[in-house]
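First the structure, in the form of structure tokens, and then the observations on it.
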Amino acid sequence: MEHGQAELVGRKPVIFGQRKVRPRACLAVGKRHLRAFLRDVLEDMGFVISECRTADELPHVLRTEFPDLILLGIGSDRIEPGRLLEILVREEFAGRVLAFGARESIIMAAVQQVGSEYGLAMLPPLRAPFAAETLRDRIGMLLPREPAPRPAVHVGEALHAGWLELWYEPKFDACTLSRRGAEAHVRMRHPTWGVVPPAYFITEPHDPHFRNLSQFVIDRAIKDWQYLLEQQTSIDLSINLPAAFLIDPQAVRDLCRRMPSHAAFGGLTIEIESVEAIQNLDLLVEVAREVRFHNIGLAIDNVGANWPQLMGMTKFPFLKLKVDRQFVGGCANGPLKRTVCRHIVDLAKEYNVRTVAEGVESQADLIAVAELGFDLAQGHLFGKAMPLKQFAQSSFNPAAARLK
């Protein structure tokens, strides 16, 4: 047997050598939109996901997928919690069970009590609605102990091999919930490992290949915009570029020449990390003035506690201020987070620019974002970044977001 392989003993996997690199979770949830939300969040954490829409499907999942975690939706259509618990006991499930449901659910307390009496490893339950970070806190013990090497693949190799692509995360009007744009995220589609997030292949800004990566993002975003136009899905796009790229005059000239001349092109927004933007503020002000004549706007990304450093500017040529997700997530019930968000929104209004709330993951935060006066919102409540063709075919139901 190879090192690290699993041997089946009484239908349970025994892992030799080291802990499984990727934990497995089964979603015993009847409602489709809840399964989609949980799948997105858990896959971002590194879980391999299987689904169980009814109790009848659970034995097969347990015997073939060997999940480490069962997420049990209390009150979900077609899910019978009592029967599901009985199956877990009969199949000698040795993993953990996390139940979630409405705050006042009597069934929730019963599930916790019965599960514990049966000898199941019941995690403290989640009361809906909950944010992704709350879920992470509950299941942190299941995440891999050893981080993957960074970068696992050098960006130069990924560029040369043609493994890179852009995925698109939608942005919505914070009040009407109509789609207003999308942000491009770099992903690598490795021939062996599948889709890999940027943490595993993007190196430091001083790497000589970083400029090539920036040029790839620009060129691919423009090609993708043309594809979306052909699919009758013309939409304003945002990309992320380092400040070091934009303060190079030749790079800016090349960027301007690449912009489409099509009448339907609504412009390209370039998001710059707030720390970099503040460090290079005077230079970027000049860049912003130059590129706006070529249908390009600059936005400051991940604004948070550093917002006072943007005060007092006589001219503010940036299009948007985008608030860091650590201040948006949980702002509904976090007075300090809400205060930071309010200050940034007020500052944007003084400069007559728009605001974007990044990391909206719950209905409560969406309501808070709208009340605070944000213009745009994005986050897992609406959907995670997705491949180009999937994004072109995607639709959004505002009512579903309000129910999450």
Applying side chain to side chain contact (heavy atoms under 4.5 Å, CB included) to M141 and L123, what does each step give before you reach the verdict? CA-CA 11 Å; M141 79 294 291; L123 295 175; 4.0 Å; yes
With heavy-atom distances below 4.5 Å as the criterion, would you say the side chains of [X] and [Y] are in contact?
{"X": "I272", "Y": "I300", "answer": "no"}
{"X": "Y118", "Y": "S116", "answer": "no"}
{"X": "P242", "Y": "F210", "answer": "yes"}
{"X": "P67", "Y": "F93", "answer": "yes"}
{"X": "E157", "Y": "W163", "answer": "yes"}
{"X": "V291", "Y": "L246", "answer": "no"}
{"X": "D248", "Y": "R211", "answer": "yes"}
{"X": "R354", "Y": "L376", "answer": "yes"}

N-O pairing of [X] and [Y] below 4.0 Å:
{"X": "K171", "Y": "D236", "answer": "no"}
{"X": "R96", "Y": "D68", "answer": "no"}
{"X": "E286", "Y": "R289", "answer": "yes"}
{"X": "R53", "Y": "E51", "answer": "yes"}
{"X": "E165", "Y": "R189", "answer": "yes"}
{"X": "E91", "Y": "R63", "answer": "yes"}
{"X": "E290", "Y": "R253", "answer": "no"}

Under 3.5 Å, side-chain donor or acceptor atoms of residues 317-330 against the rest of the protein: list the pairs with distances, not counting sequence neighbours.
from	atom 1	to	atom 2	distance (Å)
K320	NZ	T269	OG1	3.4
K322	NZ	E183	OE1	2.5
K322	NZ	E271	OE1	2.9
K322	NZ	E271	OE2	3.3
K322	NZ	Q378	OE1	3.1
D324	OD1	Q326	N	3.1

Measure up the W225 and F265 rings against each other and bin them: parallel (under 30°), tilted (30 to 60°), perpendicular (over 60°). perpendicular
Side chain of [X], backbone of [Y]: donor and acceptor closer than 3.5 Å?
{"X": "H294", "Y": "I296", "answer": "no"}
{"X": "D254", "Y": "V252", "answer": "no"}
{"X": "S274", "Y": "N302", "answer": "yes"}
{"X": "Y168", "Y": "D224", "answer": "no"}

Taking atom types as modelled, is there a side-chain donor on [X] or [Y] under 3.5 Å from an acceptor on the other?
{"X": "S362", "Y": "D365", "value": "yes"}
{"X": "R180", "Y": "S178", "value": "yes"}
{"X": "Q226", "Y": "E230", "value": "no"}
{"X": "Q309", "Y": "W307", "value": "no"}

[X] to [Y] - nearest heavy-atom pair and separation:
{"X": "G73", "Y": "V29", "answer": "N-CG2, 4.2 Å"}
{"X": "G101", "Y": "M108", "answer": "N-CE, 2.9 Å"}
{"X": "R138", "Y": "P125", "answer": "NH2-O, 2.9 Å"}

Give a yes/no verdict on a cation-pi contact between R179 and F391, requiring under 6.0 Å between NZ or CZ and the six-membered ring centre and an angle within 45° of the axis.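 The answer is yes, since R179 meets both limits relative to F391.
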L366 vs F382, side chain to side chain contact (heavy atoms under 4.5 Å, CB included): CA-CA, chis, key distance, verdict: CA-CA 10 Å; L366 174 60; F382 307 106; 3.7 Å; yes
Please report the interatomic distance CG(L166) to NZ(K223), rounded to the nearest 0.5 Å. 11.0 Å
About how many Å separate SG of C256 and CG of N295, when rounded to the nearest 0.5 Å?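 Answer rounded to 0.5 Å: 10.5 Å.
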Going through the distances and angles, do F245 and V217 end up as a side chain to side chain contact (heavy atoms under 4.5 Å, CB included)? CA-CA 12 Å; F245 180 85; V217 170; over 6 Å; no
Could you walk me through whether I270 and N240 pass the side chain to side chain contact (heavy atoms under 4.5 Å, CB included) test, one step at a time? CA-CA 6 Å; I270 298 175; N240 295 270; over 6 Å; no
Under 6.0 Å between the ring centres of H185 and W167? no
Name the residue from L120, L98, L88, V61 that meets the side-chain contact (heavy atoms from CB on, under 4.5 Å) definition with I70.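 Of all the options given, the one that passes is L88.
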